[in-house]
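Heads up: the structure comes next, in structure tokens.
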Protein chains: 2
Amino acid sequence: MAIKKTSREEILQEAIKLFKIRGYYNTSMANIAEACGLIKGSIYHHFKSKDEIGIESLKYIHEYFDKHVYSIAYDDTLSSKKRIKLFVQKVDEYFLSSKGGCLLGNLALELSSENEEFKKAIRTYFLAWEDALAYILKEKYKEDEAKKLAREYVSLTQGAIMLMNLYDSSEDYLRVGKKIIDLI
Amino acid sequence: MAIKKTSREEILQEAIKLFKIRGYYNTSMANIAEACGLIKGSIYHHFKSKDEIGIESLKYIHEYFDKHVYSIAYDDTLSSKKRIKLFVQKVDEYFLSSKGGCLLGNLALELSSENEEFKKAIRTYFLAWEDALAYILKEKYKEDEAKKLAREYVSLTQGAIMLMNLYDSSEDYLRVGKKIIDLI
DNA sequence: GTCTATATCAAGATAGAC
DNA sequence: GTCTATCTTGATATAGAC
């Protein structure tokens, strides 16, 4: 039986799951290693520190959203109505399919007041989300109105994810998506 | 020079400040003690564990809101317009006056997936907020519409607090309060 | 009520064998 | 690439002197 080679990506995926559920500081290298079937020392072959895993986790998620969600907003071959529907559908799929809510939102509250590097990465991610949403809304609203609405709905989505996890109910979260679609 | 007696309340206030800025797990008993001018061992004279400080912090904040914010909603000597204005004003005062946003929101994301006791306390607090807001809104909306709106605006407020801290700008947060007032 | 001192444990991280 | 072993630090918590 060959020893399984664990990839960087596999470790990131397990780390993200744990960070979302247990929080960043409450997740240890040993926890991450165990989830990968390794012992903690072995993780350091792939990442030089826990903070690196944290930053790479943010990047990993950002890349997923760029590729599978935000890109929809800029696909000018589709109508804006179709784009906003698809956009909301993809966001919902992501946040309804796993436990613990939005890692970026969680980390924004857990450690962005302390760690400037994390804060910058999280800000970039949220701005990309707002920009994508605003790009669709610009077809119907003036530029600065579109921007305000986009930020408002990102806020609302984050708040709704928080309460969805707190109440173990997706009902109110789902209403947010419907409201976003109705904007167009 | 007499040795200063540190009260439970003083410790809670310092702990709350630190939890909001540094996060719960990233705040140590030594950090809390230092903020109070004590050394860590001395804290155990007042609280039997860090978790007790956490739970008591939530209670402390909840009591503050019950007394100074939620009570406004139920003051039937004022018009509903006056009540909603005062309510929003008090909420704004609280969240604009200190760094780190809303401890209950932060802890909801940092540790409520893991710790049932914390989760229950946080849920109770958010429900009280919703109930108070819904009570005012009932004057103009049907009961279940008022409840939906209340939850939506609590979500929106929490999301806006998150982004306010992330972007170091209160502009969008303040718009939320105006929207709430316009509901009546 | 606060201090010094210490017990105990778990964290992040590194070195070197296999 | 993973393991064992270990270093170092810092965490929660306790005991007992002042």
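Letters go in sequence order (proteins before strands), and every chain restarts at 1.
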Measure from [atom1] on [X] to [atom2] on [N] and round the result to the nearest Å.
X     : N      : atom1 : atom2 : answer
B/L18 : D/dA11 : CG    : P     : 12 Å
B/I43 : D/dT12 : CD1   : P     : 11 Å
B/E34 : D/dT12 : CD    : P     : 14 Å
B/Y24 : D/dA11 : OH    : P     : 14 Å
A/Y25 : D/dG10 : OH    : P     : 14 Å
B/M29 : C/dC9  : CE    : C1'   : 16 Å

To 10°, what angle do the rotation axes through the five end pairs on each side of the helix from C/dG1-D/dC18 to C/dC18-D/dG1 form? 10°

NZ (B/K138) with more than 12 external heavy atoms under 6.0 Å: yes

Which residues share a salt bridge (Lys or Arg N to Asp or Glu O under 4.0 Å) with A/E145, sequence neighbours left out: none

B/K179: partners by salt bridge (Lys or Arg N to Asp or Glu O under 4.0 Å), with sequence neighbours left out: A/E152

Please name all residues satisfying side chain to side chain donor-acceptor pair (under 3.5 Å) with B/Y153, sequence neighbours left out, ordered by chain then number. none

Pairing residues for B/N26 by the side chain to side chain donor-acceptor pair (under 3.5 Å) criterion, not counting sequence neighbours: A/Y25

Got a sec, which residues hit side chain to side chain contact (heavy atoms under 4.5 Å, CB included) with B/A121, two or more places apart in sequence or on another chain? B/L58

Taking only residues two or more places apart in sequence or in another chain, which ones pass side chain to side chain contact (heavy atoms under 4.5 Å, CB included) with B/S98? B/K20

Got a sec, which pairs hit salt bridge (charged side-chain N to carboxylate O under 4.0 Å, His left out) with one end in residues 62-84 of chain A, sequence neighbours left out? A/D76-A/R83, A/R83-A/E139

DNA chain C contacts made by residues 45-59 of chain B, counting heavy atoms under 4.0 Å: B/H45, B/H46

Using OP1 and OP2 only, check whether a side-chain N or O of [X] sits under 4.0 Å from [N].
X     : N      : value
A/Y44 : C/dA13 : yes
B/T6  : C/dG1  : no
B/S28 : D/dG10 : no

Report, one line per pair, each donor and acceptor closer than 3.5 Å where one atom sits in a side chain of residues 162-170 of chain B; sequence neighbours left out.
from, atom 1, to, atom 2, distance (Å)
B/N165, OD1, B/G100, N, 3.4
B/N165, ND2, B/I161, O, 3.0
B/Y167, OH, A/E130, OE2, 2.8
B/D168, OD1, A/K119, NZ, 3.4
B/D168, OD2, A/K119, NZ, 3.4
B/S169, OG, B/E171, N, 3.4

Could you point out which residue of A/F126, A/W129, A/Y125 forms a ring-ring contact (aromatic ring centres under 6.0 Å, His included) with A/H62? A/Y125

Taking ILVMFWY side chains as joined if any heavy atoms are under 4.5 angstrom apart, and letting links pass through other members, which residues group with B/I21? none

Between the protein and nucleotides 3-7 of chain C, are there any N/O to N/O pairs under 3.5 Å, and if so, what are the atom names and distances?
from, atom 1, to, atom 2, distance (Å)
C/dC3, OP2, B/I39, N, 3.1
C/dC3, OP2, B/S42, OG, 3.0

